[in-house]
Amino acid sequence: MENSEIARVFYEIADLLEIQGGYRFRIRSYRNAGMVVEGLPEGLKNLFEKDGEDGLKGIPGIGESTRAKIIEMLSTGKCKYHQELLKEMPVGMLEIIKVSGVGPKKAAFVHKELGINTIDELEKAAESGLIQNLPGFGEVSEQKILKGIKDLKARTRQFKLSVVIPVAQSFTQYLRSVPGIIDIVPSGSFRRWKETVGDLDILTTCKDSRPVMDHFVKHPDVREVLSKGETKSTVVLASGLHVDIRVLEKKSFGAALQYFTGSKAHNVALRDRAKRMGLKISEYGVFKERGEVWVVGNKEEDVYKAVGLPWIPPELRENRGELEAAEEGRLPAQLQYSDIKGDLHVHTKESDGAYTLEDMAEAAMKMGYEYIAVTDHSKAVGIAHGLDEARLNAQIRMVDEYNDKLKRQRKKFRVLKATEVDIRGDGTLDHPEGVLKKLDCVVASVHSGFGMGMEEMTNRVIKAVRTGLINIIGHPTGRLINEREPYQIDLEKVLSEAKKYNVAVELNSYPDRLDVNDVHCLLAKQKGVLVAISTDSHSIYHLENMIYGVHTARRGWLEKKDVLNTRSLKELMKVLKGKG
DNA sequence: GCCGTTTTCGGCCCGACTGTTTTCAGTCG
């Protein structure tokens with residue numbers, strides 16, 4: 001059982017208990033356990049196989065009871081307690097509470113009063129006017145439920161970050177024209193550079209909130225206004241994306257930014273810490289618990305300072321140990337965009353890119369890089385016009401000539417002779433050894449047979465690693481965000497093998513991929529495997545996608561030293577030659 | 001159910017908005 005499945009069971013237990021009216025702190029514990037498990041870099045399965053129950057001890061938020069349930073799930077694939085709860089409460093109730101405006105209390109109430117067990121039954125009841133006569137409900141809430149069900153069925157829940165960025169820019173610019181507005185900062189998961197964003201949260205400061213709110217809800221993309229208050233409003237855009245705005249006074253800016261950036265789990269942990277120190281953190285500032293004594297407010301750093309911590313970068317705020325690390329002074333040194341010295345995954349016209357080698361190299365020089373690796377596809381990827389051995393040999397000569405030209409021009413920049421060689425279904429590489437040995441850098445990727453079972457796929461990639469001919473495993477899980485699930489692969493095993501053969505893993509920065517992801521980065525770092533942050537560019541304009549990779553790497557706690565392409569050309573060549 | 005600078009019991013983050021209330025509960029983030 002994967003961590004994500006175990007987390008889902010804990011979330012469902014929390015939801016079921018909540019509908020039953022269970023003890024709220026117990027509910028919180030299960031929900032917290034779900035979040036903790038979800039964010040673990042290493043599989044619980046592996047931890048348990050390695051060290052038994054001891055391997056599961058010391059995970060914050062996992063106590064005796066949840067640990068026992070984890071072990072049960074790892075051993076039997078099931079959790080008895082979870083199944084018993086499901087016997088008492090129909091599984092459809094878990095869907096009902098996802099309807100906006102319907103929480104556990106209301107769900108339990110319609111279940112008890114009308115025998116409603118599923119979303120469809122709730123919809124029928126609302127359509128026939130049965131809901132509005134219930135105590136505590138009315139005509140408005142009945143309509144709200146109907147709309148909530150419709151939205152739930154239609155809504156794409158998560159939007160790729162790259163889709164939300166232009167929206168954030170549009171709103172920022174749009175709000176700028178409101179007189180008296182001071183700060184406009186997109187925060188929330190957007191500011192934490194999460195790969196997908198559920199809602200866009202915009203924090204603003206000004207003296208008078210009304211003109212801001214009035215203007216906000218009139219943005220041309222707004223389809224519907226869900227709520228509009230003095231300090232807080234929510235709209236839905238034509239795309240289905242929800243945008244929240246929060247308006248506060250300037251003196252609260254720092255605390256509000258901290259609060260509004262989240263994550264929720266990070267904030268809960270931070271506020272809990274504050275509470276233990278006799279302080280209270282809210283979006284308005286930090287207060288002494290009894291008297292309303294103002295401690296800080298206008299700078300985010302001051303909020304952390306008030307509880308004895310250094311400022312924590314937004315990308316780390318996921319409650320994955322960053323508070324403890326901050327306290328002990330071992331937060332990772334933030335990887336900078338300027339640390340990146342080159343791009344090791346770039347396509348040209350020879351395969352399925354849109355520009356020539358020279359175009360790509362010039363664009364990379366403009367970005368201040370020292371090198372790029374030209375990694376066109378191999379012949380197995382026919383649709384991309386992949387290169388056979390002869391064409392690759394010709395490209396090698398072309399690169400040599402181009403580099404000679406650069407040398408004559410006394411340019412420091414170099415193009416690396418490289419390939420993105422296909423890992424075939426049987427784990428062999430799609431170019432012969434002879435030609436691969438002539439290259440500076442070999443990226444090896446899977447492009448077919450995505451439906452393979454876990455063991456077969458894992459062995460396939462490991463076989464490629466063991467050839468000693470490759471430097472980097474390209475987009476190691478094959479996922480496309482919101483489009484294609486990752487293929488089944490045991491990344492922990494692959495990474496252990498990669499470590500032995502000095503092979504790096506790619507963090508593919510194409511915003512639809514981000515593959516490996518942030519949690520995998522943590523794992524790679526733990527295993528001592530270098531990460532190559534590359535763009536997989538098919539155009540000169542894709543080179544700038546590097547920014548997504550850098551922030552994803554930050555979310556995975558990577559530092560400059562953990563990233564292969566922060567090396568200078570000379571250092572890089574040393575590492576690349578150490579393969580096998 | 002978890003956890004400990006108020007330690008093995010007694011706490012557990014904080015506030016806004018809405019609809020139904022006539023003072024607040026439920027929901028949400």
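Below, chains carry the letters A, B, ... as their sequence lines are ordered, and counting in each starts from 1.
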### Summary
Across every strand shown, the nucleotide meeting Watson-Crick or G-U wobble geometry with B:dG11 (both distances under 3.5 Å) is B:dC2
### Query
Less than 6.0 Å separating the ring centroids of A:F171 and A:F216?
yes
### Summary
Of the listed B:dG29, B:dC2, B:dG15, the closest approach to the A:K280 side chain comes from B:dG15
### Message
If you assign each of A:Y30 and A:I281 to its closest nucleotide in DNA chain B, which residue comes earlier from the 5' end?
### Response
A:Y30
### Message
Would you say A:R271 places a side-chain N or O within less than 4.0 Å of OP1 or OP2 belonging to B:dC13?
### Response
no
### Query
Would one find a side-chain N or O of A:S29 under 4.0 angstrom from OP1 or OP2 of B:dC12?
no
### Task
Grab the CD1-C1' distance between A:I202 and B:dG29 for me, whole Å please.
15 Å
## Note on the structure
Closest to the side chain of A:R28, out of B:dG1, B:dC12, B:dT20, is B:dC12
### Query
Under 3.5 Å, is there an N or O donor on one side and an acceptor on the other linking the side chain of A:Y23 and the base of B:dC12?
yes
#### Entry: Under 3.5 Å side-chain donor-acceptor pair for A:E72 and A:Y81
no
### Query
Which whole-number value in Å describes the distance from A:M35 CE to B:dC2 P?
14 Å
### Message
Rounded to whole Å, how long is the line connecting atom CZ of A:R67 with atom C1' of B:dC3?
### Response
13 Å
### Query
Base, sugar-phosphate, or nothing for A:R246, non-hydrogen atoms under 4.0 angstrom?
sugar-phosphate
### Task
Identify which nucleotide among B:dG15, B:dG1, B:dT18 has an atom closest to any side-chain atom of A:Y284, counting heavy atoms from C-beta outward.
B:dG15
### Separation of B:dG10 C1' from A:R24 CZ (nearest whole Å)
13 Å
### Task
Give a yes/no on whether any side-chain N or O of A:K275 is located under 4.0 angstrom from OP1 or OP2 of B:dC12.
yes
### Message
Work out how far the P atom of B:dT18 is from that of B:dT8, and round it to whole angstrom.
### Response
45 Å
### Query
Considering only the C1' atoms, how many Å lie between B:dG15 and B:dC9, rounded to the nearest integer?
29 Å
### Query
Using a cut-off of 4.0 Å on non-hydrogen atoms, how would the nucleic acid contact of A:V99 be classed: base, sugar-phosphate, or nothing?
sugar-phosphate
### Query
If you measure from the P atom in B:dC17 to the same atom in B:dT7, how many Å do you get, rounded?
38 Å
### Query
Hey, is the side chain of A:S233 poking within less than 4.0 Å of OP1 or OP2 on B:dC17, counting only N and O atoms?
no
### Task
Please report, rounded to the nearest Å, how far the P atom of B:dG26 is from the CD1 atom of A:I96.
17 Å
### Message
Under a 4.0 Å threshold between the charged nitrogen and the carboxylate oxygen, would A:E95 count as salt-bridged to A:K98?
### Response
yes
### Query
Are side-chain heavy atoms of A:W557 and A:D518 found at a separation under 4.5 Å?
no
### Verdict with supporting geometry, A:Y548 and A:K160, side chain to side chain donor-acceptor pair (under 3.5 Å)
CA-CA 11 Å; A:Y548 293 100; A:K160 277 176 274 206; over 6 Å; no
### Query
Quantified in whole Å, what is the C1' atom distance between nucleotide B:dT21 and nucleotide B:dA25?
9 Å
### Task
Look at all strands and tell whether A:Y259 reaches a base, only sugar-phosphate, or nothing, counting heavy atoms closer than 4.0 Å.
base
### Message
Please report the distance separating the C1' of B:dT20 from the corresponding atom of B:dT27, rounded so that it comes out in whole Å.
### Response
13 Å
#### Entry: Side-chain N or O of A:K232 closer than 4.0 Å to phosphate OP1/OP2 of B:dC28
no
### Query
Have A:H266 and A:T261 got a donor and an acceptor in their side chains that come within less than 3.5 Å?
no
### Task
Determine if the base of B:dT7 is syn or anti; take syn to mean the glycosidic torsion is within 90° of 0.
syn
### Query
Relative to the 5' end of DNA chain B, which residue comes earlier, A:E327 or A:E139, by the nucleotide with the nearest heavy atom?
A:E327
### Query
What does A:Q143 touch in the nucleic acid at a heavy-atom separation under 4.0 angstrom: a base, only the sugar-phosphate, or nothing?
nothing
### Query
Would you call A:F253 and A:L203 a side-chain contact if the rule is heavy atoms closer than 4.5 Å?
yes
### Task
Between B:dT6 and B:dG11, how far apart are the C1' atoms? Round to whole Å, please.
10 Å
### Query
When we call it a touch if two heavy atoms are under 4.0 Å apart, what does A:K264 touch: a base, just sugar-phosphate, or nothing?
base
### Spacing of A:E230 atom CD relative to B:dG15 atom C1', expressed in whole Å
14 Å
### Query
Taking only side-chain nitrogens and oxygens of A:S100, does any of them come within less than 4.0 Å of OP1 or OP2 of B:dT27?
no
### Distance in angstrom units between A:R276 CZ and B:dT7 C1', rounded
12 Å
### Message
So A:L270, base contact, sugar-phosphate only, or nothing? Heavy-atom distance under 4.0 Å.
### Response
nothing
### Query
A:S65 side chain N/O closer than 4.0 Å to the phosphate oxygens (OP1, OP2) of B:dG1?
yes
### Query
What integer number of Å spans the C1' atoms of B:dC2 and B:dC13?
16 Å
### Task
Under 4.0 Å between any heavy atoms, over every strand shown, what does A:P135 touch: base, sugar-phosphate, or nothing? Just pick one.
nothing
### Query
Counting side-chain heavy atoms from C-beta on, which of B:dC12, B:dG1, B:dG19 comes nearest to A:R26?
B:dG1
### Task
When you get a sec, tell me which of B:dT18, B:dG1, B:dT20 is the closest nucleotide to the side chain of A:K144?
B:dT18
### Message
Any salt bridge linking A:K80 with A:E84? Criterion: basic side-chain nitrogen under 4.0 Å from a carboxylate oxygen.
### Response
no
### Task
Give the rounded distance in Å between these two atoms: CG of A:N267 and C1' of B:dG29.
10 Å
